[in-house]
There are 2 protein chains.
Amino acid sequence: MNLKEFSHRIGLSPTTVSRALNGYPEVSERTRRKVLESAERLGYTPNSRAARLATGRAMTIGHILPLSKEHEMVNPIFSDFIAGAGEQYSRSGYDLSLSVVRDEDEAEAYRDLATRGVVDGVVIHGPKVEDPRIRLLGDLGLPFVVHGRSSRVHGEYNWVDVNNRRAFSRATEFLLDLGHRRIGLINGLDGMDFATRRLNGYSDALEARGIARDPELVFSGEMTENYGFATTLQMLDSRNPPTAFLISSIIPAMGARRALHDRGIGLGDEVSVVIHDDDLSYFRNDGDVPIFTATRSSVREAGRLCADILLDSIRDAQGERRHVLLEADLTVGQSTGPAPAMRHLLGRDQADAPRGLAR
Amino acid sequence: MNLKEFSHRIGLSPTTVSRALNGYPEVSERTRRKVLESAERLGYTPNSRAARLATGRAMTIGHILPLSKEHEMVNPIFSDFIAGAGEQYSRSGYDLSLSVVRDEDEAEAYRDLATRGVVDGVVIHGPKVEDPRIRLLGDLGLPFVVHGRSSRVHGEYNWVDVNNRRAFSRATEFLLDLGHRRIGLINGLDGMDFATRRLNGYSDALEARGIARDPELVFSGEMTENYGFATTLQMLDSRNPPTAFLISSIIPAMGARRALHDRGIGLGDEVSVVIHDDDLSYFRNDGDVPIFTATRSSVREAGRLCADILLDSIRDAQGERRHVLLEADLTVGQSTGPAPAMRHLLGRDQADAPRGLAR
DNA sequence: GCAGAACTTGAAACCGCTTTGAACAATGAA
DNA sequence: TTCATTGTTCAAAGCGGTTTCAAGTTCTGC
């Protein structure tokens with residue numbers, strides 16, 4: 001049933017019905033009730049396609065999911081982010097449009113969304129250092145928010161980011177305080193802005209203690225389980241292995257744990273691990289004492305915040321650009337302990353403790 | 001720029017331009033080339049909102065992502081499935097609309113998508129036994145495809161499923177052949193159709209060998225790492241622990257591995273594990289010899305197939321309903337070996353082999 | 001009782017595209 | 001040359017809503 005028929009059936013004009021349904025003030029309460037009740041009873045719902053054309057608003061937010069050709073991998077934090085953002089969209093009557101594109105087509109995909117008029121705004125995922133998408137969207141005049149930030153990009157834009165630098169410098173300091181001097185960094189893909197900031201945090205902390213950064217202890221790559229496994233093994237098998245690892249996500253941390261296990265090295269006693277934990281719903285690092293010592297920041301919450309900011313920004317195009325910097329607090333879990341060389345000094349040598357029973 | 005202005009500028013009528021752009025045959029090649037070239041040059045792209053209203057097609061496929069209230073968890077296979085399906089949508093000029101809703105609102109969400117006319121078809125994820133959504137969508141007259149199947153639902157509908165029963169009976173047989181008699185099953189959530197079929201496959205295989213199924217060895221739950229950990233631990237610590245585990249996903253398998261490690265039990269020698277592997281992009285169980293012995297079936301590929309079937313079904317509403325049953329082949333990895341009691345019989349007792357170095 | 005303000009309601013234009021039906025031009029057959 | 005056919009193009013009528021502008025009603029205050 002369309003508006004014309006519905007309004008005719010209940011003896012009102014399309015104008016009045018439209019107003020009643022959209023909450024305009026110039027319709028009397030009595031009429032509005034009648035319209036709402038009749039719509040419910042007769043099962044009338046306005047056709048969104050028509051409303052979108054008439055209003056010029058798409059009532060839709062766009063997300064682009066680029067697939068890297070080599071790895072064909074989907075960012076594992078994507079679904080939790082979407083869950084957070086999607087909740088907010090629903091609440092505000094917005095739909096979410098997801099475009100899956102090969103990564104070399106990403107810029108074109110944004111252009112396309114803008115000119116076809118199918119979205120009112122977009123979210124930029126996984127910004128790189130000097131990310132060109134920010135400039136592009138500014139030029140297109142399409143409202144957007146970045147999940148993360150992009151170093152060396154001038155101009156204001158909406159973003160929600162974790163204080164990656166602080167998180168990683170704190171995590172590094174924590175390990176240094178435990179006596180670790182050789183700390184491996186298993187980081188995200190080179191060029192990703194968050195990875196750069198994490199590396200900086202790590203470097204800062206080392207430098208502050210006068211410790212030279214060993215390039216053989218720093219790795220970057222896509223954060224798979226296999227990547228965590230391979231890099232950990234490589235470092236463990238080197239002439240001068242680290243006594244601690246800093247890992248950018250819980251997924252490669254699974255691989256690191258496997259590598260330690262394969263080498264018969266105890267996690268939390270012989271070797272320490274600190275991870276950054278995005279609080280993925282299917283991979284919670286919680287419990288009384290979490291498995292991993294971690295800097296935690298919920299990516300789901302970041303999704304909610306991004307959505308809120310973007311929706312605001314669409315409603316009020318003149319408003320100021322907004323920024324949210326989330327602090328990731330360090331939670332001590334079972335995966336960290338004093339550096340081996342320090343342990344007898346502290347009277348807690350656990351070299352003979354059963355493997356696998358962390359601390 | 002809109003069609004009216006564009007067509008005026010190039011000295012043609014809107015009709016001809018529209019036809020040229022949409023590939024209709026009644027426009028001459030010369031004119032078509034001119035239109036396409038001018039559109040490129042002047043940067044004209046038709047407004048999709050208007051096209052959708054005019055054609056009555058939304059050119060969009062809907063996916064609903066329900067969030068369970070208790071767990072607030074997103075199915076970890078979701079993103080890979082979407083990646084596969086999304087690729088196909090893009091290829092065919094379709095958009096993907098994702099609705100995030102609380103699970104008790106799911107039925108309403110389908111109704112809403114249908115009446116608002118924002119999608120031409122939907123994909124049903126995670127069907128339960130006797131899933132009411134299938135009936136609902138039939139009634140709504142909205143084309144759909146199910147990723148999975150639903151037992152005890154009458155009538156024809158499109159589906160793409162893994163042969164879960166066969167996969168799990170084969171996996172069970174494989175373990176039985178290795179001499180295992182007590183096999184723990186760490187399954188998906190009760191009521192999920194796939195979980196039921198897997199349980200059946202497991203039961204069938206046991207029964208065929210005259211082995212009674214011990215209810216204390218069967219668990220069902222949401223497939224998180226913690227769930228795998230907790231259930232494995234519980235079984236290991238029971239009076240009569242299993243010597244092998246069958247696990248419904250690689251994620252709880254991570255938890256199982258952790259539990260085994262915590263108890264100092266060697267994976268692949270003292271205890272065997274077979275998993276079902278959805279071939280998640282960030283969690284590949286590959287390599288020369290995969291970590292886990294697994295029944296594998298790519299969920300990404302399932303996404304592609306679902307998309308293809310649904311798009312066909314939209315184009316040809318009269319066409320037959322289609323079914324695809326994917327066989328999951330069993331790949332032997334490092335996580336399985338003869339049952340402990342059998343090992344000396346086979347002259348391969350590895351009880352003293354270093355832990356963690358599976359076979 | 002009446003003018004003017006404050007409410008309500010409706011007719012019609014419009015959003016930007018697609019598509020029907022008609023017109024016109026070019027081609028071919030008779 | 002003429003008529004039928006085929007090929008091309010266009011004017012206008014949708015698609016199903018929203019919104020402007022005008023008109024009709026009901027209140028107020030005097």
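Chain letters run A, B, ... following the sequence lines, proteins first and then strands; every chain starts at 1.
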Distance in angstrom units between Lys4(A) NZ and dC15(D) P, rounded: 8 Å
No-hydrogen, no-angle side-chain donor-acceptor test under 3.5 Å, Asp193(A) and Ser150(A): no
Does the Arg52(B) side chain pair with the main chain of Ala58(B), one donor and one acceptor, at a distance under 3.5 Å? yes
Are Arg149(A) and His323(A) side-chain neighbours, meaning at least one heavy-atom pair lies under 4.5 Å? no
List the steps and the verdict of side chain to side chain contact (heavy atoms under 4.5 Å, CB included) for Ile124(A) and Ile134(A). CA-CA 8 Å; Ile124(A) 296 187; Ile134(A) 294 172; 4.2 Å; yes
Expressed as a whole number of angstroms, how long is the span from Met59(A):CE to dG17(D):P? 16 Å
d(CD, Glu5(A); P, dG16(D)) in whole Å: 11 Å
To the nearest angstrom, how far is His8(B) atom NE2 from dA11(D) atom P? 10 Å
note: Arg49(B), atom CZ; dG16(D), atom P; distance rounded to Å ~ 18 Å
Option among Arg304(A), Glu301(A), His63(A) that satisfies the side-chain contact (heavy atoms from CB on, under 4.5 Å) test with Phe81(A): His63(A)
Using whole Å, report how far CG of Leu3(B) lies from P of dG16(C). 11 Å
Side-chain contact test, heavy atoms from C-beta onward, threshold under 4.5 Å: evaluate it for Cys306(B) versus Leu310(B) and give yes or no. no
Assign Phe6(A) to base, sugar-phosphate, or nothing according to its heavy-atom contacts below 4.0 angstrom with the strands shown. nothing
Checking side-chain polar atoms at under 3.5 Å, does Ser97(A) have a donor or acceptor matched by the opposite partner on Asp95(B)? no
Does Tyr24(A) put a side-chain nitrogen or oxygen below 4.0 Å from OP1 or OP2 of dT19(D)? yes
Between Trp159(A) and Gly148(A), the two heavy atoms sitting closest are CB-O, 3.1 Å
Looking at Asn2(A), does any N or O in its side chain come under 4.0 Å of the phosphate oxygens OP1/OP2 on dG17(D)? no
Could you go through Arg111(B) and Glu108(B), starting from their C-alpha distance and side-chain angles, then the distance that decides it, and tell me whether this counts as salt bridge (charged side-chain N to carboxylate O under 4.0 Å, His left out)? CA-CA 5 Å; Arg111(B) 273 208 194 77; Glu108(B) 193 49 38; 3.5 Å; yes
Contact list please: residues 37-48 of chain A against DNA chain C, heavy atoms, distance less than 4.0 Å, in numerical order. none
Reading nucleotides 6-15 of chain C from the 5' end, what letters show protein touch, with B for base, S for backbone sugar-phosphate only, - for no heavy atom under 4.0 Å? --BBBBB--B
Expressed in angstrom and rounded to an integer, what is the separation of Arg57(A) atom CZ from dG17(D) atom P? 15 Å
